[in-house]
Structure formats: structure tokens, C-alpha cells
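Keep in mind that what you see is a predicted model, and the values were worked out from it rather than measured. Residue indices begin at 1 and follow the sequence shown.
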Amino acid sequence: MTACFTHPATLITSDGIAKMKQRVQAKLPCALRGRDKLAWDTVLSGYKPSALPRVHCMWGQPPLGHAELCDRDSVQAYLQTLSYLLHGTSAYADTVLAIVKAWCSTCMAITGDNRILEAAWSTACFARSLELLKYTYSPQFKQSGIEAVYNKWVDAVVMPALTAPITWKINGGVDTASNWHAARVEALMQLAVFRDDRHAFDQQVAEFRRILPIIIKPSGLGNEVLRDLMHAQFSLGSLAHVCELAHNATGGSLDLYRELDDRLAKGMEYVATIILQPPPGKELKMVAWHPAGAWGLSVTAYEQRGVQVPKSRKLLNDNTMKEYPWLVWGSTNLTHRTA
């Protein structure tokens, strides 16, 4: 049966893995910084998954399971995957399989007001990691049986949370898209690629095209900028991830970066300009660079397409030493940056 996509397809591909190694071997400063940060954050052996029977996160209440699922285990799964790809040590890949198996066998529900994001962030990391291992860790991945186990768990536990209706709106009830929608598109698109499901993939392409002009206006103003700059960067980072994933999965034939006259680039430049030089008299919140912006990925992508994003480039350069893995974002010094 012919595959629907070019596998492995995540934020990186087989070619991207090779180039990542080449940049490290060439001692490119950003790549070395990324390699060293990866080594610092990744546990080589003895990592213990923190799987819980239930993840329940309500607004205004102490979250149950967010730290265990989203801050720790799903992030660690991706870091362990990158470490395996970079060094070839099977212990890293085995740890990923153990983390995913622990959640599949333990967690029976993801509930609460924040369930969509909890499901989206963890799914993006888990599905991304398994997609990479499926095509690079052979024959151990197939022998582990993890694909069937994970798919069964996703259908039973994750999808009811991930596909729940997003009933709230922002900006006085006008806008029907936000960082939640962008995060969900990324998760469902990565899951579609892992399952080689072109129909599900195309549905998320359509959803991306629906939400992009709502989240980023023609001027570049993001619809969560007035909320705070951190959540505005959540949207930018997830939208960039979707663009990169779609491009990689289709062998470069689908370039969502260029949608609506480079609308994402305009959004990036708008936010970067504010962070670099906050406008006087504006009471903006969280005016600072954040790894959720995925700046290393998106700046590199646009520059490779001949689209200059000077403010975003300066923001990226000014914060090279600060990048760290956070939820679904980070590690672009290693995986994408060429300068």
C-alpha cells in the first residue's frame, strides 16, 4: 500500500536529521548550543514516567496531571527521541516507548476546562516522537507493538478531549480562533501523518486556512496580542509548526508558510517589533521573548524562502542562549537554525 506522506514527517524529516548531525559536526554555534542543552535536559537512563489515572485541569483550580503529562513526560519523549536521532543510542528510544506505554496503560481520562490543550500539547509530542521512531528505530519499534497500543488509547481517551467543542471566544466574542485552535490543528495533523490518514490531514489544512486570518489580521496584529505576548507567541509557534509539518509531510508540495501573502511572517514581525521596542503608553502584558514562538524554526523557514523578517531575526539572535524546551516548543537551535 502506497503511503500518503513522505515519512518520517514531523518538524524534521530524514534529510533534516542528517543536516542536524552535519551542523553539529561542523560545530555551528547554534547547533552546539542546542546539542548541549539537549544533553542537559535529557535523562540517559532511569527516567521514570509520571503517568496518572486521570488528568483533570480546571480554570482557577490546581491542575491535576498537567505537570506530569505536558511539562514532563511528553516533553521528555521528544527530547529522548532527538537524543536517539543525534547519538544513535537505543536507550533513548526505549525510554520513549516506555513513557508512551505508561500513559496508555494508566491514564483513562483527560477532563476539565483545559482538556483540549492538555490533549493537544501531549499528542503533538507523543505522535511526533512515535512518527520519528517508527521509521528510524527498526525493528524494535514494530516489535514493541506501541503503534496499536497508542492508537487505541488515543481513540478511547485522547480524542474525546482533543475534539471537544471550543465554546469560548475572545475579543468580546468576535474571534472564533485562538492558540487553542492552532494547538489542536498541530496535534491532529501530526496524528494524521502518524496514521497515514490523508483525509484527516486535509481536514486540518482546511482548519488552518480558516483560523489563520482570524488569529493574524492583514496588518500582522495577532488577536491575542492585547491579552498578552506569551499567548500571542503560543499561536505563532503552533501555526509555524503546522506549516513545517505540512511542508515536510507532502515532500514540499504544500507550503502553508506562504498562505495569505506570508500572513504568519507579518504576525511574527508585529510581535517581534513590540518585544524589541515596547510602544509607550501601551499596557501590554508579558512583553518578552518566549520559546513558544518557535522563532528558530519560522525565521529559518522564511529566510530560506527569500522572505526577510528582520525584527524576528534580531529577536531570535538576541535570545539564542535562552531557548529551552517548553511544552511542544523549543530545541530549534539544534533542529532548524542554520545561523
Side-chain angles (χ1 to χ4, degrees), residues 6 9-13 15-16 19-20 22-23 28-31 34 177 179 181-183 185-186 189 204-225 229 232-277 289-320 322-323 328-339:
T6 302
T10 66
L11 303 180
I12 55 175
T13 61
D15 183 61
K19 289 180 178 177
M20 175 180 70
Q22 290 168 5
R23 291 191 295 269
L28 187 73
C30 288
N179 73 88
H181 298 77
V185 170
E186 179 188 358
M189 182 177 283
Q204 297 315 307
V205 172
E207 177 66 356
F208 172 89
R209 287 172 168 155
R210 183 190 75 83
I211 67 176
L212 178 63
I214 299 174
I215 293 176
I216 304 176
K217 309 308 179 185
S219 65
L221 172 64
N223 67 353
E224 293 189 85
V225 166
L229 272 293
Q233 290 176 83
F234 282 15
S235 291
L236 292 179
S238 291
L239 291 172
H241 280 190
V242 172
C243 293
E244 191 71 11
L245 173 56
H247 183 265
N248 291 340
T250 61
S253 64
L254 178 59
D255 194 353
L256 296 178
Y257 282 110
R258 306 310 303 269
E259 290 283 311
L260 299 179
D261 192 27
D262 304 319
R263 181 69 63 88
L264 176 57
K266 293 177 181 177
M268 293 161 52
E269 286 293 272
Y270 196 103
V271 169
T273 299
I274 293 175
I275 295 174
L276 291 170
Q277 189 171 359
W289 169 92
H290 196 281
W295 299 97
L297 184 156
S298 52
V299 169
T300 300
Y302 274 114
E303 289 179 347
Q304 288 174 342
R305 288 161 172 76
V307 178
Q308 297 306 305
V309 283
K311 297 296 185 180
S312 302
R313 165 53 71 179
K314 177 170 173 49
L315 183 67
L316 174 63
N317 289 346
D318 288 352
N319 292 279
T320 294
K322 295 181 181 179
E323 187 185 58
V328 296
W329 303 285
S331 302
T332 64
N333 279 335
L334 175 65
T335 57
H336 289 87
R337 287 190 65 178
T338 58

Spacing of Lys19 atom NZ and Thr335 atom OG1 [to the nearest 0.5 Å]: 13.0 Å
Intermediate values then yes/no, side chain to side chain contact (heavy atoms under 4.5 Å, CB included), Glu186 and Leu239: CA-CA 8 Å; Glu186 179 188 358; Leu239 291 172; over 6 Å; no
Within-4.5 Å side-chain heavy-atom neighbours: Arg313 and Asn317: yes
Within-4.5 Å side-chain heavy-atom neighbours: Trp289 and Asp318: no
Spatial distance of atom CD1 (Ile275) from atom OG (Ser312) [nearest 0.5 Å]: 9.0 Å
Between Trp295 and Gln233: side-chain donor-acceptor atoms closer than 3.5 Å: yes
Under 3.5 Å side-chain donor-acceptor pair for Tyr302 and Gln308: no
Under 3.5 Å: donor-acceptor pair, side chain of Arg263, backbone of Ile216: yes
Closest non-hydrogen atom pair between Leu28 and Arg337, with its separation: CD2-O, 3.7 Å
Ring geometry between Trp329 and His241 (parallel below 30°, tilted from 30 to 60°, perpendicular above 60°): tilted
Inter-residue atom distance Lys311.NZ - Leu315.CG, 0.5 Å rounding: 11.0 Å
Check: Ala301 main-chain N/O paired with Arg305 side-chain donor or acceptor under 3.5 Å: yes
Thr300 side chain vs Gly296 backbone, donor-acceptor pair below 3.5 Å: yes
Stepwise side chain to side chain contact (heavy atoms under 4.5 Å, CB included) test for Thr6 and Asn248: CA-CA 7 Å; Thr6 302; Asn248 291 340; over 6 Å; no
Value rounded to 0.5 Å, distance of CG in Asn333 from NZ in Lys322: 13.0 Å
Side chains of His336 and Ile12 in contact at under 4.5 Å (non-hydrogen atoms): yes
Interatomic distance, Leu236 atom CG to Asn179 atom CG [nearest 0.5 angstrom]: 10.5 Å
Leu254 versus Thr250, closest heavy-atom pair with distance: N-OG1, 3.0 Å
Crowding at NZ, Lys217 (>12 non-hydrogen neighbours, <6.0 Å): yes
Heavy-atom side-chain proximity of Arg23 to Thr338 below 4.5 angstrom: yes
Closest non-hydrogen atom pair, Ser298 against Gly293: OG-O, 4.2 Å
Worked check of side chain to side chain contact (heavy atoms under 4.5 Å, CB included) between Leu212 and Leu260: CA-CA 9 Å; Leu212 178 63; Leu260 299 179; 4.0 Å; yes
Heavy-atom pair with the smallest gap, counting every atom of Ala182 and Val242: O-CG2, 4.3 Å
Residue pair Phe208, Glu259: steps toward the side chain to side chain contact (heavy atoms under 4.5 Å, CB included) verdict: CA-CA 10 Å; Phe208 172 89; Glu259 290 283 311; 4.1 Å; yes
Pro310 side chain near Glu269 side chain, heavy-atom distance below 4.5 Å: yes
Sub-4.5 Å side-chain heavy-atom contact between Asp262 and Arg258: yes
Shortest non-hydrogen separation from Pro218 to Lys266 and the atoms involved: O-CD, 3.7 Å
Heavy-atom closest contact (Ala265 atom, Val307 atom, distance): CB-CG1, 4.4 Å
Spatial distance of atom CG (Leu334) from atom OG1 (Thr332) [nearest 0.5 Å]: 9.0 Å
